[in-house]
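All residue numbers refer to positions in the sequence shown, counting from 1. Small disclaimer: the values here were computed from a predicted structure and weren't measured.
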Amino acid sequence: MLKLFIFCVIIIGVAMLFLCVRILFKRNGRFVKTHVSQSKAMRERGIGCVQSQDFAMRHKSPYAVKE
């Protein structure tokens, strides 16, 4: 049981090391931004976050014309 626990801890440690390679070894390293609203290519195409679009559609504009 102890051998299995140690093996699992080592595997998790190696996985975390591989995930952090870019951050640890690159100057000013950061995680890659994967959110839609933070992607330059998505903004250029006019694609935004669903939550932001939903909020904008539900938020009443003070300049909106009442029908």
### Message
Membership question, hydrophobic clusters at under 4.5 Å side-chain separation (ILVMFWY): are M1 and V9 in the same one?
### Response
no
### Message
Could you measure the distance from the OG atom of S39 to the CD atom of E44? Nearest 0.5 Å is fine.
### Response
8.5 Å
### Query
Can you tell me how far SG of C49 sits from CD of Q38, rounded to the nearest 0.5 angstrom?
9.5 Å
